[in-house]
Amino acid sequence: MASLIPIPRRLIPDRINTTLDVRRNLADAHIGDITLFYSIDTQALVGDDDAAPLSKLKKSLQVDQTVTMRSRITATLVDVRTGFIYLQTQTDLSETLPGWIWTRQDSANHAHENVERKAFHALVGEISRHWRDVITPLAWRP
């Protein structure tokens with residue numbers, strides 16, 4: 001791997017229907033060979049129930065209750081030119097937090113970002129474990 005760069009905003013279409021919409025721009029600009037597409041889904045749960053919006057949650061949450069933050073990140077490594085999928089993986093992370101965190105917006109935001117950050121780091125570890133399997137078929141051999 002020669003380098004790792006974020007995709008410049010100017011190369012991301014305003015509307016994305018498929019990965020081809022992004023891949024075409026990257027291939028035309030000769031930005032890279034493989035791109036990582038990922039999505040993050042994070043939910044807050046009180047007990048076994050999906051939590052209501054934060055404004056309602058703050059009013060009904062008891063101090064002694066806990067909130068479980070669940071974050072799932074799904075990722076796909078795609079060949080920019082051909083659309084070949086080299087790797088699909090996902091990570092799931094849960095963290096149980098005390099209910100009082102949800103009484104302040106900045107604390108709730110921090111908890112939300114923290115669980116997503118940990119899930120993303122786990123995703124990077126997962127990709128790293130499979131990286132040799134991804135690049136070995138691409139290696140040039142004389």
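Just the heavy atoms: all of them, side chains too, but no hydrogens, waters or symmetry mates, feed the values below. None of these values were measured; they are calculated from a predicted model.
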Set out, in order, the CA-CA distance, both residues' side-chain angles and the distance that settles side chain to side chain contact (heavy atoms under 4.5 Å, CB included) for D79 and T82, then state yes or no.
CA-CA 6 Å; D79 188 287; T82 66; 3.3 Å; yes

Salt bridge (Lys or Arg N to Asp or Glu O under 4.0 Å) involving R24 - partner list, sequence neighbours excluded
none

Tell me whether S71 contacts the main-chain N or O of A119 through its side chain, where contact means a donor paired with an acceptor under 3.5 Å.
no

Go through it in stages, so that I can follow the logic: the residues are W131 and L77, the test is side chain to side chain contact (heavy atoms under 4.5 Å, CB included), and I'd like the CA-CA distance, side-chain angles, deciding distance and then a yes or no.
CA-CA 10 Å; W131 188 245; L77 282 172; 3.8 Å; yes

I need the minimum non-hydrogen distance between A44 and M69, along with the two atoms involved.
CB-SD, 3.8 Å

Shortest non-hydrogen contact between E126 and R129, atoms and distance:
OE1-NH2, 2.7 Å

Between the OH atom in Y38 and the OG1 atom in T91, the distance rounded to the nearest 0.5 Å is 11.5 Å

Do Y86 and L20 sit in one hydrophobic cluster, given that two such residues count as connected whenever their side-chain heavy atoms are within less than 4.5 Å of each other, even indirectly?
no

For D21, salt bridge (Lys or Arg N to Asp or Glu O under 4.0 Å) partners two or more places apart
none

Please test V78 against R23 for side chain to side chain contact (heavy atoms under 4.5 Å, CB included), starting from the C-alpha separation and ending with a verdict.
CA-CA 9 Å; V78 179; R23 291 190 303 105; 3.4 Å; yes

E116 and T42: side chain donor to acceptor below 3.5 Å
yes

Take atom CZ in F37; do more than 12 heavy atoms of anything else shown fall under 6.0 Å from it?
yes

Counterpart residues, side-chain contact (heavy atoms from CB on, under 4.5 Å), relative to N114 (two or more places apart):
E95, R117, K118

Mark yes when over 12 heavy atoms from residues, nucleotides or ligands other than H110 sit less than 6.0 Å from its NE2; otherwise mark no.
no

Salt bridge or not between D41 and R72? Use side-chain N to carboxylate O under 4.0 Å.
no

Between the side chains of D33 and R81, is the shortest nitrogen-to-carboxylate-oxygen separation below 4.0 Å, so that they form an ion pair?
yes

Could you go through I34 and V80, starting from their C-alpha distance and side-chain angles, then the distance that decides it, and tell me whether this counts as side chain to side chain contact (heavy atoms under 4.5 Å, CB included)?
CA-CA 5 Å; I34 299 174; V80 169; 5.7 Å; no

Compare every heavy atom of A111 with every heavy atom of L97, then report the nearest pair and how far apart it is.
CD1-CB, 3.6 Å

Closest non-hydrogen atoms of L123 and T89, given as atom of the first, atom of the second and distance, are CD1-CG2, 3.7 Å

